[in-house]
Amino acid sequence: MPGNPWFSWSWVADNADLLATRTWQHLLLTLEAVAIAATIAVPLALLVVRRRRLAASVVGVAAVLYTVPSLALFAILAPVLGIGRTPVLVGLVAYALLVLLRQTLAGLQSVDPAVLDAARGVGYGPVQVTARVRLAAALPAVVSGLRLATVSTVALVTVGVVVGYGGLGQLMFEGFRNNFHRAEISAAALACLLLAFLLDVALWAAGRALTPWTRRTT
């Protein structure tokens, strides 16, 4: 233990550039995966929200993808997409999709039909009803889904090391290969936790700013 501590400031200082590079890779991959998943999930939820059987089928397919173990999913994708960033990104999008789809559907389905009728009664067309009533009402649920998907994606990126692109997971893997170098493993793990915390706080603050009406009702 004395020669292999769980944390070392000197290791962090000596490897600051490498730690920053891996953290930046981790951040970009997380944001890209969640953004792509949200771009698919929100329009898809709007499309199926009024068709219960279709909604159940779509959620069911996303749930099946979600239940595939991450190691197995990356192993399946690697022969098709190759080694590196692309299979990791595709896998992360598949995992984030279910969380975002379920949360967005729950938000859209919670809209009171009387509110929709009232909007139509004052002259709102289909686009206005969707944008100004349905999506506005579902926004807190969408933000909640984004927070869940982002935090879980930060953790899952590390598994991408099995196909050669794991962000901070790369440091953890190298720590294991380097005679179980604890300082390297723990520094990468702490950077992961800090990244997840900061992204969650940023999304919470953005959601709070976008939904001021939820504060007035509580």
Side-chain angles (χ1 to χ4, degrees), residues 19-49 55 58-59 62-63 65-66 70 85 88-112 115-116 119 124 126-160 165-169 188-218:
L19 193 57
T21 300
R22 296 297 189 204
T23 303
W24 181 245
Q25 290 175 345
H26 208 106
L27 173 64
L28 287 182
L29 196 54
T30 299
L31 294 179
E32 191 174 350
V34 174
I36 292 172
T39 302
I40 298 170
V42 174
L44 193 57
L46 283 169
L47 187 67
V48 303
V49 66
V58 170
V59 171
L65 285 175
Y66 193 82
S70 52
R85 195 173 189 277
V88 181
L89 180 61
V90 171
L92 295 174
V93 169
Y95 284 120
L97 189 61
L98 175 66
V99 176
L100 288 165
L101 188 58
R102 274 188 170 166
Q103 287 292 115
T104 306
L105 268 174
L108 292 172
Q109 288 169 343
S110 69
V111 181
D112 189 339
V115 174
L116 298 176
Y124 281 14
V127 175
Q128 287 176 304
V129 169
T130 298
R132 301 181 67 175
V133 181
R134 287 187 188 278
L135 282 177
L139 194 53
V142 174
V143 172
S144 177
L146 284 171
R147 291 177 64 189
L148 284 170
T150 300
V151 170
S152 62
T153 300
V154 168
L156 279 171
V157 169
T158 59
V159 187
Y165 204 93
L168 289 164
L190 288 173
C192 253
L193 291 173
L194 182 61
L195 187 60
F197 174 74
L198 291 176
L199 288 173
D200 189 48
V201 170
L203 286 169
W204 170 80
R208 211 174 141 77
L210 289 171
T211 57
W213 63 88
T214 60
R215 297 199 294 278
R216 288 198 293 269
T217 57
T218 57

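Bear in mind the structure is a predicted one, so any value in this text is a computation, not a measurement. Numbering starts at 1 and runs along the sequence shown.
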Might you work through the side-chain contact (heavy atoms from CB on, under 4.5 Å) test for Thr150 and Leu203, ending with a clear yes or no?
CA-CA 9 Å; Thr150 300; Leu203 286 169; 3.3 Å; yes
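- Although no hydrogens or angles enter the test, the distance criterion places a donor-acceptor pair under 3.5 Å between the side chain of Thr39 and the main chain of Ala35.
- Note that CG of Leu92 and OG1 of Thr30 are 7.0 Å apart. Values are rounded to the nearest 0.5 Å.
- No side-chain heavy atom of Val58 sits under 4.5 Å from any side-chain heavy atom of Leu105.
- Of all non-hydrogen atoms in Val157 and Gly167, the two that sit nearest each other are CG1-N, 4.4 Å.
- When all heavy atoms of Ala37 and Leu100 are compared, the pair lying nearest together is CB-CD1, 3.7 Å.
- Every residue meeting the salt bridge (charged side-chain N to carboxylate O under 4.0 Å, His left out) condition with Arg85, not counting sequence neighbours, appears here in chain and number order: Glu32.
- Among all heavy-atom pairs drawn from Leu31 and Leu199, the shortest one is CD2-CD2, 4.1 Å.
- The distance from atom OG1 of Thr130 to atom OH of Tyr124, rounded to the nearest 0.5 Å, is 12.5 Å.
- Expressed to the nearest 0.5 Å, how far CG of Leu139 lies from CG of Leu210 amounts to 5.5 Å.
- Closest approach of Cys192 and Thr158 over heavy atoms only: SG-CG2, 3.6 Å.
- Between Val151 and Ala196 the shortest heavy-atom distance is CG2-O, 4.1 Å.
- Inter-residue side-chain proximity for Leu101 and Leu44 is flagged as met; some heavy-atom pair is nearer than 4.5 Å.
- Checked against ring pair (Phe, Tyr, Trp, His ring centres under 6.0 Å), Tyr66 has the following partners two or more places apart in sequence or in another chain: Tyr95.
- Remark: of the listed residues Leu168, Leu194, Leu28, Leu168 is the sole one forming a side-chain contact (heavy atoms from CB on, under 4.5 Å) with Thr23.
- For the atom pair Thr153 OG1 and Leu146 CG, the distance stands at 10.0 Å (nearest 0.5 Å).
- How far CD of Gln109 is from CZ of Arg134: 10.0 Å, rounded to the nearest 0.5 Å.
- Among Leu116, Leu135, Val49, the one residue that satisfies the side-chain contact (heavy atoms from CB on, under 4.5 Å) test with Val111 is Leu116.
- The list of side chain to side chain donor-acceptor pair (under 3.5 Å) pairs with a residue in residues 193-210, not counting sequence neighbours, reads Arg147-Asp200.
- Separation of atoms CZ (Arg102) and CG (Leu98) is listed at 4.5 Å; rounding is to 0.5 Å.
- Ser110 and Gly107 make their closest contact through OG-O, 2.6 Å (heavy atoms, listed as atom of the first residue, atom of the second, distance).
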